[in-house]
*Asks:* 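One structure coming up, written as structure tokens, with questions to follow.
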Number of protein chains: 2
Amino acid sequence: MSVLRTGVSFAAPLDSPFQEAPAPWLNKILKGDCVSALEKLPSRSVDLVFADPPYNLQLGGDLHRPDQSKVDACDDHWDQFESFEAYDAFTRAWLLAVRRVMKPDGSLYVIGSYHNIFRVGAILQDLGFWIMNDIVWLKSNPMPNFRGKRFTNAHETMIWAVKSKDAKPTFNYDALKVFNEDLQMRSDWHLPLCTGAERLKDGKGQKVHPTQKPESLLYRVLTASSKPGDIVLDPFFGTGTTGAVAKKLGRNFVGVEREQAYIEAAEARIEAIVSGDAEALEMHQGKRAQKRIPFGTLLEAGLLTPGAKLTSANGKHLAVVRADGSLKSGAHTGSIHKVGALVQGQEACNGWTFWHIEDGARKAPIDDLRKEIRSRLQA
Amino acid sequence: MSVLRTGVSFAAPLDSPFQEAPAPWLNKILKGDCVSALEKLPSRSVDLVFADPPYNLQLGGDLHRPDQSKVDACDDHWDQFESFEAYDAFTRAWLLAVRRVMKPDGSLYVIGSYHNIFRVGAILQDLGFWIMNDIVWLKSNPMPNFRGKRFTNAHETMIWAVKSKDAKPTFNYDALKVFNEDLQMRSDWHLPLCTGAERLKDGKGQKVHPTQKPESLLYRVLTASSKPGDIVLDPFFGTGTTGAVAKKLGRNFVGVEREQAYIEAAEARIEAIVSGDAEALEMHQGKRAQKRIPFGTLLEAGLLTPGAKLTSANGKHLAVVRADGSLKSGAHTGSIHKVGALVQGQEACNGWTFWHIEDGARKAPIDDLRKEIRSRLQA
DNA sequence: ACGATCGGTGAATCGCTTC
DNA sequence: TGAAGCGATTCACCGATCG
């Protein structure tokens with residue numbers, strides 16, 4: 001029996017002599033509209049997409065006829081309906097272009113407000129995307145509602161989606177949990193607006209971009225759904241918040257932007273960023289990402305001997321360790337997991353945390369022995 | 001200041017000798033599906049609609065907690081739809097029926113989750129409704145994500161819409177501001193789930209309805225968008241939270257419900273309500289004590305950078321900050337609290353006061369940085 | 001009586017690897 | 001490609017029970 005199985009193999013490092021030259025679009029801003037610019041990227045090439053599309057409903061360009069929905073109540077809203085149609089066509093087009101360049105297990109985040117996010121979400125579903133979460137960005141300092149006619153609009157909505165129901169996206173659960181002081185990261189993110197020194201200003205002190213997103217928002221998106229070295233696409237790059245955070249966090253980026261002024265501001269901004277070093281960028285990993293230690297290893301290593309007695313935490317169940325790494329408890333025999341399930345009459349059981357050994361006066365889960373093995377292997 | 005404005009005149013009181021007999025459907029539950037049941041109501045007759053339609057959850061197999069107990073999922077037949085198209089047709093039908101019975105300046109609230117709310121919102125817009133706000137109900141005690149595969153789904157979304165762009169809906173701005181300690185009511189509502197004594201149970205102690213909404217949520221909706229004496233419609237009445245709160249607050253209600261069991265539970269519940277004791281109903285609102293600031297926030301905010309070095313006050317221990325908000329000190333990694341405990345060999349540790357940064361000549365606890373964040377969030 | 005502990009539960013689209 | 005095995009995974013709140 002091999003004591004350790006090798007983990008998942010890593011992709012070749014970027015400086016590997018066997019790797020092709022980096023793509024010409026990597027860590028660059030492509031000028032143009034996102035549908036045509038994305039044609040320069042190969043299919044299935046990006047790991048993560050962050051999109052902050054416009055929600056200006058007065059788009060020019062193609063106007064499509066209303067569909068066959070017979071809603072006579074809407075007759076007096078013809079113009080408005082036409083606008084929604086145009087917005088929907090625009091949304092379908094860029095989402096399809098993005099979909100092509102996403103890796104099969106890649107993630108897509110789209111942010112918007114109530115003006116556009118419902119249409120975006122419905123179209124995502126219609127195109128076959130699978131929604132993982134919707135996330136609300138709660139602004140600590142939103143603009144008040146001056147006329148007192150509505151609730152203060154204090155949040156924006158972000159949709160996290162993948163290409164299909166079967167996709168297995170990156171989700172750095174353990175890292176996020178540590179980030180959040182050992183509690184699961186929730187779907188509500190409390191973050192301030194982008195103001196102060198972070199807000200890009202031109203020579204006259206005017207803000208360069210009307211809706212610059214805070215780096216804290218992108219920091220959390222990239223920490224959650226990408227790994228160092230991944231490629232992050234932003235099809236509405238603006239002044240480059242996505243690229244700036246990607247560089248800080250050791251990710252590669254691709255941006256698409258139409259306005260030359262934004263491109264220049266973004267390039268200067270990203271140029272000034274210093275990447276974190278590899279050790280600092282390492283993500284906290286839980287058990288899931290660690291090498292598997294078969295129970296028999298504990299016997300091989302001498303941490304347990306055949307005949308050792310294990311008990312459940314409450315002392316109700318007793319089992320004996322056999323030389324082949326199986327347990328025997330009464331008439332039940334099998335793996336630590338199977339016997340743990342059988343003695344409890346349950347369908348499943350994690351034997352590592354269920355079974356305990358006497359460690360002096362108190363009981364300790366056999367998972368502690370596994371930790372001991374792991375620390376020996378690292379030494 | 002009076003809590004509720006009386007600027008707009010009330011409808012004639014119910015006991016006026018000049019008024020016709022009250023409509024037979026007033027303060028009653030109509031049995032049936034909402035489209036056909038609503039045919040019994042005249043056009044333009046209700047002031048406020050609260051709708052909690054099926055969410056179309058599309059659940060897979062069983063889900064178990066880490067302790068192997070089974071999650072009691074919402075798998076009722078009424079939540080099952082064959083396709084998005086079927087759900088959309090259902091949504092259009094009930095929204096059109098509701099639209100007919102709404103007064104021109106009436107308000108509609110629809111609540112949902114990411115499974116359905118985007119489709120509902122897009123259809124609302126397609127039908128000519130005008131969205132006033134989207135509101136997020138942030139749950140203080142949501143169900144965790146047991147598998148660690150997504151963000152904890154800690155909110156639901158509510159859309160407030162009116163029949164047209166020109167509508168002038170009731171909005172009790174001043175009352176809401178008083179309730180909210182003289183701050184404008186925001187679009188994020190922090191409310192607990194409906195549990196404990198408020199949750200309706202059957203004779204066996206089982207919950208009567210899988211998705212009973214908290215009265216606090218309806219309390220706020222009715223307080224915001226209706227006046228005493230108004231008529232409030234709930235086309236998916238369930239166990240009658242809307243009717244119960246309407247009666248407490250002196251509003252009239254109409255309910256539509258298909259399931260006899262829910263109707264009977266709702267009738268008994270509403271019967272037991274005493275009107276007018278609105279003050280007795282405690283509102284869960286106002287700012288909560290102090291918002292928790294996860295350590296990772298300091299990185300997002302740029303107050304610390306990945307690779308920063310932290311020390312204990314006595315300088316004996318050293319740790320490095322990683323990009324995901326975890327610390328690394330020798331072989332120990334984890335949250336600021338966990339690593340603080342590990343390096344000291346203790347069971348617990350408050351990382352905020354244990355770890356320090358060099359601030360010029362002297363050391364400062366990282367709690368000082370948290371104070372800085374708090375002051376930014378309040379600004 | 002009062003605090004500590006334990007058990008239950010909430011609209012949930014909730015595995016991965018090997019054979 | 002399907003079946004089986006391994007073994008990872010939870011937060012806030014409420015009410016009952018225990019000491």
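Each chain gets a letter, A, B and so on, in the order its sequence line appears, and its residues count up from 1.
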*Asks:* Scan nucleotides 4-7 of chain C against the protein and return all N/O pairs shorter than 3.5 Å with their distances rounded to 0.1 Å.
*Replies:*
none

*Asks:* Let me have DNA chain D in dot-bracket notation, would you? Count Watson-Crick plus G-U wobble pairs, both distances under 3.5 Å, and use [ ] for pairs crossing earlier ones and | for inter-strand partners.
*Replies:* .|||||....|||||||||

*Asks:* Are OP1 or OP2 of C/dC16 and a side-chain N or O of A/K168 less than 4.0 angstrom apart?
*Replies:* yes

*Asks:* Need one value for A/D174: base, sugar-phosphate or nothing, where a base atom within 4.0 Å counts as base even if backbone is also close, heavy atoms only.
*Replies:* sugar-phosphate

*Asks:* Using the P atom in both, what is the distance from D/dC6 to C/dC14, to the nearest Å?
*Replies:* 25 Å

*Asks:* Once you apply a heavy-atom cut-off of 4.0 Å, does B/A197 come out as touching a base, just sugar-phosphate, or nothing?
*Replies:* sugar-phosphate

*Asks:* Rounded to whole Å, how long is the line connecting atom CD of A/Q184 with atom P of D/dA8?
*Replies:* 17 Å

*Asks:* Counting only side-chain heavy atoms from C-beta out, which of C/dA12, D/dT10, D/dA8 sits nearest to A/R370?
*Replies:* D/dA8

*Asks:* Output all residues satisfying salt bridge (Lys or Arg N to Asp or Glu O under 4.0 Å) with A/K103, sequence neighbours left out; order by chain, then residue number.
*Replies:* A/D47

*Asks:* Given the C1' atoms of C/dC16 and D/dT9, what is the spacing between them in whole Å?
*Replies:* 14 Å

*Asks:* For D/dT10 and C/dG7, measure between their C1' atoms and round to the nearest Å.
*Replies:* 14 Å

*Asks:* Ion pair present between B/D72 and B/K207, side-chain N to carboxylate O less than 4.0 angstrom?
*Replies:* yes

*Asks:* For A/L183, report the nucleic acid contact type (base, sugar-phosphate, nothing); a contact means any heavy atom under 4.0 Å.
*Replies:* sugar-phosphate

*Asks:* If you look at every strand shown and take non-hydrogen atoms under 4.0 Å, does B/Q68 touch a base, only sugar-phosphate, or nothing?
*Replies:* base

*Asks:* What is the nucleic acid contact for B/C194, judged by heavy atoms within less than 4.0 Å: base, sugar-phosphate only, or nothing?
*Replies:* nothing

*Asks:* Just label D/dT9 as syn or anti from its O4'-C1'-N9-C4 or O4'-C1'-N1-C2 angle, using within 90° of 0 for syn.
*Replies:* anti

*Asks:* At less than 3.5 Å, do the side-chain atoms of B/R65 and the base atoms of C/dG8 form a donor-acceptor pair?
*Replies:* no

*Asks:* Are side-chain N/O atoms of B/T152 and A/Q184 paired as donor and acceptor at under 3.5 Å?
*Replies:* yes

*Asks:* Pick base, sugar-phosphate or nothing for A/R288, based on heavy-atom distances below 4.0 Å to the nucleic acid.
*Replies:* sugar-phosphate

